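Remarks on the structure that follows.
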2 protein chains.
Amino acid sequence: MKKKDIICETVGGEGCGVRKVLNTIGGKWKILILCAMHGHAAMRYGEIRRTIVGITNTMLAQSLREMEADGLILRQQYDEMPVRVEYALTEKATSLIPILLELKDWGEKHL
Amino acid sequence: MKKKDIICETVGGEGCGVRKVLNTIGGKWKILILCAMHGHAAMRYGEIRRTIVGITNTMLAQSLREMEADGLILRQQYDEMPVRVEYALTEKATSLIPILLELKDWGEKHL
DNA sequence: CCGCATCCACAATGATACTG
DNA sequence: CAGTATCATTGTGGATGCGG
């Protein structure tokens, strides 16, 4: 029996893909942010905040910064008056969306 | 434009599927538990614990109880001496596994 | 062997007010 | 408008020991 036949001898360790995903988009808000931005070419800060029920400035700003650092979103600042900032999903994030939609469907069907 | 054309007017509220999923299998361990149990007809407590790197008794026991309450796993206790307890995935949980594997693949490819 | 109970540390999240 | 700063609160996770 080859190693590939075993799904996971152990999970959650160093190189575990699931663990990496959880570290990147785990937590209460990041997945919701991705869902909120799906289908929009670009969204402004306030627009995202209004879309996500219950999120606070603290959490939104912090999540956006981390997701930018992880290469999931792009931040574009326009130095107008007043300032305008737009966020867009990167290709990496876009490739994740279909999976999140499946999760959503599963949740609606089973929960 | 029909409402269905909009992915989510708002997300994270009452009936939001994604929010439900996060409430059910969010957190640090539950997704890993599901991955660990995938492919096994039944697993004993200690076996699960050894499979998941870093998990403690507290978190494993608590997670298993909650997942049983949510209908994701079945708990079968054999009153032998010493006690033997086996856990198995329900059909509901099994239907979630493919999505988790996609997440895992995404993580390995992109992170 | 299984896993619950207790107690505790710290991280995550939240409310509020304030700035460029 | 788009955040930051600060402080309060909650939640998550861990160590340890006990009991069936």
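Note that this is a predicted model, so its numbers are computed, not measured. To find a chain, count down the sequence lines: A is the first, B the second, and so on, and within it residues start at 1.
Regarding contacts with the backbone of D/dA2, a side-chain N or O of A/R44 is found under 4.0 angstrom from either OP1 or OP2.
One interatomic measurement links the two molecules: CE of A/M67 to P of D/dG3, which rounds to 14 Å at whole-angstrom precision. Summarising the geometry, the separation between CG on A/L32 and P on C/dA12 is reported as 17 Å, rounded to the nearest angstrom. As a whole-Å value, the separation of B/E80 CD from C/dC1 C1' is 11 Å. In this structure, CZ of B/R84 is placed 12 Å from P of C/dG3, rounded to the nearest angstrom. When the C1' atom of D/dG3 is taken as reference, atom CD1 of A/I52 falls 15 Å away, rounded to whole Å. Atom P of nucleotide C/dT13 and atom CG of A/L60 are separated by 13 Å, given to the nearest angstrom. Note: CG (B/D79) to C1' (D/dG19) measures 15 Å, nearest angstrom. In this structure, CD of A/Q77 is placed 10 Å from P of D/dT4, rounded to the nearest angstrom.
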Kindly indicate, with the supporting measurements, whether the criterion side-chain contact (heavy atoms from CB on, under 4.5 Å) is fulfilled by B/T51 and B/L32. CA-CA 10 Å; B/T51 302; B/L32 289 176; over 6 Å; no
After noting the C-alpha distance and the side-chain angles of A/L111 and B/T24, does the key distance pass the side-chain contact (heavy atoms from CB on, under 4.5 Å) rule? CA-CA 8 Å; A/L111 301 177; B/T24 309; 3.4 Å; yes
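Among the atoms of the strands shown, only primed sugar atoms or phosphate atoms (P, OP1, OP2) are found under 4.0 Å from some heavy atom of A/V85. Backbone-only contact: B/Y87 has heavy atoms under 4.0 Å from sugar-phosphate atoms and none from a base. Note on A/R75: only backbone sugar-phosphate atoms sit closer than 4.0 angstrom, heavy atoms only; bases stay farther off. A/R49 comes within 4.0 angstrom of no nucleic acid atom, judged by non-hydrogen atoms across all strands.
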Footprint string (nucleotides 9-17 of chain D, 5' to 3'): B base within contact, S backbone only, - free, heavy atoms under 4.0 Å: ----BBB--
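Across all non-hydrogen atoms, the minimal contact from B/H110 to A/S95 is NE2-OG, 3.5 Å.
Around atom CD of A/E80, more than 12 heavy atoms belonging to other residues, nucleotides or ligands sit under 6.0 Å away.
Residues passing the side chain to side chain contact (heavy atoms under 4.5 Å, CB included) test with A/T90, sequence neighbours excluded: A/L74, A/K92, A/A93.
There is no path of hydrophobic side-chain contacts, each under 4.5 Å, that joins A/V53 to A/I48.
Between A/R84 and A/E86, at least one side-chain N (NZ, or NE/NH1/NH2) sits under 4.0 Å from a carboxylate O, which counts as a salt bridge.
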